[in-house]
Amino acid sequence: MTALPADSEPPLGRGPLRPIELATGAVMAGVTVGLVAIATVVPVAAALSLISAVPLGLLAQRHRFRTLFTATVAATLVTFVISGFPSATATVSMATIGGIVGTVKRRGGGVIAAFGLSVLTGLVWSAVSVGFLLIFANARQLLFVTIRNMSRGVQNLAERQPRLHSLGTAIGTITDAVLHWWWAYVAFGVLAGVMATAVFSWFALGSVLDRLTWLPGRDLHDAPPDDRPVAPLPVTLHDASFRYPSARTDALSGIDLTVQVGEFVAVVGHNGSGKSTLTRLLAGRTPTSGAVTRPGSAGLGLLGGTALVMQRPESQTLGVQVADDVVWGLSPELAERVDVESLLSEVGLDGLGRTETATLSGGQQQRLAVAAALARRPALLIADEATSMIDPDGRRELVSLLAELPRRHPMAVVLVTHHEADAAAADRVVHLSDGRQVDRLPVWPRPVRDERRRPMGDALLELRDVRHTYNHGTPWAATALHGVDLTVRRGEALLIVGGNGSGKSTLAWIMAGLIAPSSGRCELRDFGGARPVSKRIGTVALAFQHSRLQLQRQTVAAEIEDWGGQGTGSGAVGRALDAVGMDRALASRSIEELSGGQAKRVVLAAIVASRPQVVVLDEPLAGLDPQGRAEVVELLARLRDSGLTLIVISHDVADMAAVCDRTVHLESGRIAETSGDSAPAHAPTQTPLTSAMTRLHLHRPDATGGLDR
């Protein structure tokens, strides 16, 4: 393959829609449908008609015209089915305006270019409108009769008043003239409307698009077209390097690697070592220097090509039922030839074909992703951090499954991970550090438990006989919690563990007040007495497992200020960053430039700025390398010692024992084992664990809301 210049991106090209274009187009079309439908049926929401041009304008700004055209056709058809012809017309109108502004923005033009394009577009729509009325003559005559009757009615009313007689006559004359020269009036009206709206939208919609330019819009796996037959193996990297656009250094440098059919290769490295960049080269991206050779094209996502299983299992699930998801995206002819039950049996999901994908555990969802990949009979399967978000048992089972695949099928498997234990079953291990191949990785010691520096207080959060049933009273009712009793003390660090489906997530959401229990009570105690957490939204903060999902602003400072609310200035931002051990200079850093560990710290800093009484942290160590894990454990210990109350739901028992005072085991919606509500701070109870997710509760005991350091 020919190397690309260092700052280049794959060209837009002329071929069929690329995956990123299809995905973005589908999402933007869906948003447009929702906005137009609401604007049509809710009179006070008419302003949404113009807002609905934003998603299509963003699409035109970032992608080819055919992407906008395809999304517009899809959105128009859906809105026509939902709300009829007026909604469909509004969708086309907003696509026109969004397309004009977005296209000019993409090409670097200004208001004059937008005006010129609006003239051309207006002429086209004028011709279409006149042509439509010419072709459908009966509909035109019916419309004209309606207009003429309305005019005569108004004229008759006006002529009854002597003073308005001339006005009535004028209305009749104007109506006759318009209907006689209807084609000219329609053409001019459409042209003028498009021009005026486009110029206005250039300033209103254009400013919105300018503010959204920081949002990511590239497919990191996008590769230049390769017309060769699909044949990804054997693949060889010769002194391959890669540098992302605008980056100052190479993400990968001087990589030499060959993957043959029948191999199970593990790539091990810490966060930022270049592992994911290596998978992109294996999946078809061109290196910026060096070469990647293979007998044909990588064929990412194609039959017999390269398949990817990614880090987050829920982001790979598209079908409602398991069997549907296995063949999702395949043509009907290929789907019929797939033995779904056999594939599900091979990955350990026997008999789950009719099960809803939403009910699967994380490990089961990853197995389903493997089954969907195998349905395409790939020659190369790449599992990029596929084990990082599932529990230890699920991780071992998934690695065992991946290791067996090259022995059952004519294929190779590349497992990318930061867990050395995952690489034990590999035929060959490649270690990466700072973008280069190394013999071994540095070993980070496991965090050592520190004695807490301040005693725990009285009861802060109390759960008594908490039960919860989803879809209560319906045939789909599912009980998640069965009478949970738990007391969390002020300043305590509590670890909750449990297997998939044990109710950990439901318990965390109830403790955060985001859902109310079906029965029982979950109350927070403070100076005002005990009140249900669900009626005090904001007093308990929730930090998600995937921290990036909570970061919605452009910069770190803007994110923390948004969480802190009115009055949160640069000083408060700096103090929040100090509390989580981050350099204040990172306040101006873009959210998109943060590593996984930094994103977790920013969420915690934002939580500190929001001054909640309790915080729930979901899997604080998930997806982090050993160094990142050690840093987050140290951070949580610092927050605990400041007097904050931590409730951690995690499967990383060994690491979290350095922070938590006791461990509670949740099993089938019940607390199976606990060290007792008054367990001493230095004697945590270890319990077995099969899987978990984590949420941290943060408490600020001082009445002034300041963080006691």
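Just so it is clear, the values below take in all heavy atoms, side chains as well, and ignore hydrogens, waters and symmetry mates.
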Is the closest side-chain heavy-atom distance between [X] and [Y] below 4.5 Å?
X    : Y    : result
R294 : R228 : yes
R337 : R377 : yes
R376 : L330 : yes
V309 : I382 : no
L281 : L237 : yes
L233 : Q260 : no
L349 : L368 : yes
H431 : D439 : no

Between [X] and [Y], do the side chains contain an N or O donor and an N or O acceptor separated by less than 3.5 Å?
X    : Y    : result
Y244 : T288 : no
D422 : T387 : yes
D226 : S297 : no
H419 : E385 : no
D350 : S345 : yes
Q366 : Q316 : yes

What closest approach, in Å, do [X] and [Y] show between heavy atoms, and which atom pair accounts for it?
X    : Y    : value
V603 : Q550 : CG1-OE1, 3.8 Å
R243 : D250 : NE-OD1, 2.9 Å
P234 : P295 : O-CD, 3.3 Å
V633 : A658 : CG1-CB, 4.0 Å
G254 : D239 : CA-OD1, 3.1 Å

What is the distance from atom [atom1] of [X] to atom [atom2] of [Y], rounded to the nearest 0.5 Å?
X    : Y    : atom1 : atom2 : result
K600 : R548 : NZ    : CZ    : 13.5 Å
I255 : F242 : CD1   : CZ    : 13.0 Å
E559 : L551 : CD    : CG    : 4.5 Å
S241 : L252 : OG    : CG    : 7.5 Å

Run the salt-bridge test on D384 and K275 with the 4.0 Å N-O cut-off and return the result as yes or no. no
Could you tell me whether D434 atom CG has more than 12 heavy atoms of other residues or ligands within 6.0 Å of it? no
Above 12 or not: heavy atoms from other molecules or residues under 6.0 Å from CZ of R408? yes
Sequence neighbours excluded, the answer for side-chain hydrogen bond (donor to acceptor under 3.5 Å, both in side chains) partners of E263 is R428
Looking at [Y], is its backbone amide N or carbonyl O close enough to the side chain of [X] to form a donor-acceptor pair, meaning the two atoms are under 3.5 Å apart?
X    : Y    : value
R280 : R285 : no
T67  : H63  : no
D427 : F264 : yes
S342 : D339 : no
T357 : T317 : no

From the options V235, L257, V267, select the one residue that forms a side-chain contact (heavy atoms from CB on, under 4.5 Å) with V414. V267
Residues 397-407, side-chain donor-acceptor partners within the protein, below 3.5 Å, at least two apart:
residue : atom : partner : partner atom : Å
E397    : OE1  : R367    : NH2          : 3.4
R407    : NH1  : A403    : O            : 2.3

